[in-house]
Amino acid sequence: MLDLKDYTPQQLKKFLAPNDVQKEFGIDKDKLKYLRECSRDEGKLRGPQYLQDGLMIMYQRKSVIIWINKSMFQPSETSETRKIIQKNKTNIK
């Protein structure tokens with residue numbers, strides 16, 4: 001999980017082109033394009049928030065980080081999973 005505290009306020013406010021997002025976060029620029037197209041088609045934002053002025057597309061670093069954190073799979077912990085985790089820890093000893 002990415003922590004916003006690891007960035008300065010200036011870094012979080014900086015806008016990135018799709019190529020920059022790909023280099024920094026490993027999200028393919030074609031995937032970003034697909035998510036923008038789906039967002040327009042569905043009327044619901046599917047990827048990180050972005051600005052578009054004509055052909056220029058820009059993503060604010062903070063928006064990308066927030067989207068990544070919300071999109072990451074995080075299994076929910078139930079009483080059953082706690083039992084399995086505890087059992088596995090006991091078996092390792």
Side-chain angles (χ1 to χ4, degrees):
M1 199 157 200
L2 298 172
D3 194 344
L4 293 174
K5 295 176 190 172
D6 293 339
Y7 296 85
T8 66
Q10 293 80 12
Q11 289 174 317
L12 291 172
K13 290 179 185 175
K14 184 175 180 183
F15 282 88
L16 308 169
N19 283 336
D20 299 326
V21 174
Q22 181 173 321
K23 288 177 193 170
E24 185 170 336
F25 297 103
I27 303 168
D28 187 78
K29 64 182 180 179
D30 292 331
K31 172 74 173 181
L32 293 169
K33 181 180 178 184
Y34 172 75
L35 291 170
R36 289 191 308 271
E37 290 170 356
C38 288
S39 297
R40 283 192 294 271
D41 291 346
E42 297 172 7
K44 179 182 175 189
L45 186 64
R46 296 280 308 266
Q49 290 180 333
Y50 64 94
L51 293 175
Q52 182 170 2
D53 184 16
L55 297 176
M56 186 171 63
I57 307 284
M58 301 299 288
Y59 294 89
Q60 193 174 40
R61 181 178 277 123
K62 182 178 180 179
S63 295
V64 175
I65 293 168
I66 289 170
W67 176 77
I68 289 171
N69 287 341
K70 284 182 10 183
S71 300
M72 291 180 86
F73 175 75
Q74 297 178 5
S76 60
E77 186 175 304
T78 64
S79 60
E80 187 64 29
T81 57
R82 280 191 292 276
K83 289 177 189 175
I84 292 170
I85 291 168
Q86 189 60 38
K87 182 179 176 184
N88 289 338
K89 285 181 182 179
T90 306
N91 290 338
I92 291 174
K93 294 180 182 178

> Is there a side-chain contact between Q10 and K13 (heavy atoms, below 4.5 Å)?
Replying inline: no
> Should the heavy atoms of other residues, nucleotides or ligands under 6.0 Å from CG of N19 be counted, would the total exceed 12?
Replying inline: yes
> Which heavy-atom pair separates G47 from S39 by the least distance, and what is that distance?
Replying inline: N-OG, 4.1 Å
>> How close do P48 and S63 get, counting heavy atoms only, and between which atoms?
In response: CB-O, 4.0 Å
>> Taking E24's backbone N and O only, do any of them form a donor-acceptor pair with Q22's side chain (distance below 3.5 Å, no angle check)?
In response: no
> Shared ILVMFWY cluster between L45 and M72, side chains joined below 4.5 angstrom?
Replying inline: yes
> Given Y59, which of W67, Y50, F25 fulfils the side-chain contact (heavy atoms from CB on, under 4.5 Å) condition?
Replying inline: Y50
>> Donor-acceptor check, side chain of R61 to backbone of Q11, threshold 3.5 angstrom: yes or no?
In response: yes
>> Hydrophobic clustering (ILVMFWY, side-chain heavy atoms < 4.5 Å, transitive) - are I27 and M58 grouped together?
In response: no
> Closest heavy-atom contact between L2 and N69?
Replying inline: O-ND2, 2.7 Å
>> Measuring from atom CG of L35 to atom CZ of R40, what distance do you get when rounded to the nearest 0.5 angstrom?
In response: 11.0 Å
>> Rounded to the nearest 0.5 Å, what separates atom CG in L12 from atom NZ in K5?
In response: 12.5 Å
> Should the heavy atoms of other residues, nucleotides or ligands under 6.0 Å from CZ of F15 be counted, would the total exceed 12?
Replying inline: yes
> Are L51 and I57 grouped together when hydrophobic residues (ILVMFWY) are joined by side-chain heavy atoms under 4.5 angstrom apart?
Replying inline: no
> Once you round to the nearest 0.5 Å, how far does CE of M1 lie from NZ of K70?
Replying inline: 11.0 Å
> Are the side chains of V21 and K29 in touch, meaning some heavy atoms are under 4.5 Å apart?
Replying inline: no
